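Everything quoted here is computed from the prediction, not taken from an experiment.
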Amino acid sequence: MGKVRASLACWVCAALASGALAQDRQVESAALSAAATAIASTERLSAGASLDLASALSQAEARSPAMAASRLEADAMRYDADQAGVRPNPELGLDVEDATRRQRTVTVSLSQRLELGGKRAARVQAAQKAREVAEVQTQQQRVETRATVTSAFFDTLIAQERIALAQEALKLSQLGTNVADKRVLAGKVSPVERTRAKVVEAQMRMELTKAQGDFQVSLHVLRSALGGHASVDRVDGNLLALPTLPAFQALLDSADRAPARRKAGLEVERWSAQAAVERSLRTPDVTLSMGVKRDQESSRNQLVVGLSMPLPVFDRKVGNELASLKRRDKAEEEARALALTQRAELLSAHQRWSSATQVTQLLRQEVLPGAESAYAAATRGFSLGKFSYLEALDAQRTLLEAKTQYFASLAEAYRAASDVERLIGEPVFGAVAVSPTPTSK
């Protein structure tokens, strides 16, 4: 974008130096005033707090409420896993028989429930699997947060560049209006040319207003992705350095290790462990008790030993085990469905990334240079009286359409790359967009 802006700025200098513009100081003054306005607007944008991609990702991980909630859930699951290994507490019992003091019998006992059937081990295993699921969910949330911030960052960066483009277009349309005014006053062209120039200038003002509005919307989305506490007013990045497109097979291999896929596999293991817990509950526990019985009438203390266990007559704990097994089967189907969906989405994102990259390179290498050259020649010829304003206007429209298409293809490439990053769970941008956009020399 620095090359694009530099070429347009060079044309303004050349136009100001041409013979037609040198005849009238008012045209030069108006052009310089428009340029000063655009520069001042850009300086106001640059004066705010800026943010690069690396800092944005770091802030999002530290401040995102979704990340905080995910980490808290993982911490809670660690406590659940610790609690699952705790043995049952003993029970202290007191029985009093007969209300008459002389004939009263008092029994004090201590009971301990003994878990049989591997209940404790099964419970610990299920809790550990739930903890692993929560930890992988934290990793998945980190991937989602990173993809969201990256997409919002580049949307903001492109909207920011569109403002600069709209400012330059407005500056040049104001210059065209001034030239048309001068030529109308000199009787060289019809007043219709001036009207057309003013219409174009009004359209450029509307484009600038729309670009500024889109920038504010993108900035609001970025601030929200950063946790809502960021005071960022602009972003710094390099739109010319698109991330390298990986091979599709390499992306598929990475997707197999993605947190979403690992979480789906752990869900199957978690429900298998839960089924083992329910199966262990089918074995009755034994409660041992020991105490002392005091008979007031005989003034004797007697040792009391007891053994009790529930009889699985009505509730055999079968339904809970079958329900867990069905949920395990459901988790297996969901894991297969996720793999198929992820492959389809990855193929789509990879194709979008490839197509957008090719279009971007074509526009950058062939379309934009030609459109800029044609516009500069047409506008210079118009200022010298060699071309009509319609020819200059058509060249300007072609250039703006090419630039708009260029920004659209850039946005699509970065969105597709963000989708790929979200699907494979690994960063694809690296150091891209950390340094500011280079300016042409």
Side-chain angles (χ1 to χ4, degrees), residues 1-46 161-213 215 368-404 407 439-440:
M1 286 303 94
K3 295 180 179 179
V4 175
R5 291 196 290 270
S7 62
L8 291 174
C10 290
W11 176 82
V12 173
C13 295
L16 290 173
S18 65
L21 294 178
Q23 295 176 0
D24 197 322
R25 295 285 184 180
Q26 293 180 353
V27 176
E28 181 179 353
S29 177
L32 292 175
S33 176
T37 301
I39 293 173
S41 179
T42 303
E43 289 178 348
R44 284 195 300 270
L45 182 62
S46 301
E161 291 294 327
R162 285 180 54 212
I163 290 180
L165 172 62
Q167 289 171 341
E168 292 162 359
L170 177 59
K171 175 179 61 179
L172 296 179
S173 66
Q174 289 172 338
L175 181 60
T177 300
N178 292 332
V179 173
D181 284 339
K182 183 58 183 176
R183 297 189 67 185
V184 169
L185 291 176
K188 296 180 180 181
V189 295
S190 168
V192 176
E193 300 292 340
R194 178 171 54 193
T195 302
R196 289 172 177 166
K198 290 183 177 180
V199 170
V200 172
E201 182 180 345
Q203 290 175 338
M204 294 304 101
R205 292 184 187 277
M206 289 188 294
E207 286 296 326
L208 177 58
T209 300
K210 183 178 184 300
Q212 290 172 337
F215 173 74
L368 279 177
E372 290 170 7
S373 177
Y375 175 64
T379 311
R380 187 180 298 111
F382 167 69
S383 66
L384 297 174
K386 296 181 179 180
F387 299 126
S388 67
Y389 185 70
L390 285 178
E391 292 173 312
L393 181 61
D394 183 66
Q396 183 189 39
R397 183 181 299 109
T398 300
L399 177 59
L400 292 179
E401 288 177 353
K403 290 180 179 179
T404 301
F407 282 129
T439 57
S440 61

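- Within the model, atoms CD1 of I163 and CD of Q167 stand 7.0 Å from one another, a figure rounded to the nearest 0.5 Å.
- Put simply, the side chain of S373 never gets that close to the backbone of P369: no donor and acceptor are under 3.5 Å apart.
- The two residues L400 and A169 have their closest heavy-atom pair at CD2-CB, 3.8 Å.
- Looking at every heavy atom in both residues, A374 comes nearest to A395 through O-CB, 4.0 Å.
- Contact between T177 and A197 at its shortest, heavy atoms only, is OG1-O, 3.3 Å.
- Considering only heavy atoms from C-beta on, M204 stays 4.5 Å or farther from L208 through its side chain.
- The residue from M206, E207, E201 that alone fulfils the side chain to side chain contact (heavy atoms under 4.5 Å, CB included) condition with Q203 is M206.
- Atom NZ of K171 and atom CD of E168 lie 5.5 Å apart (nearest 0.5 Å).
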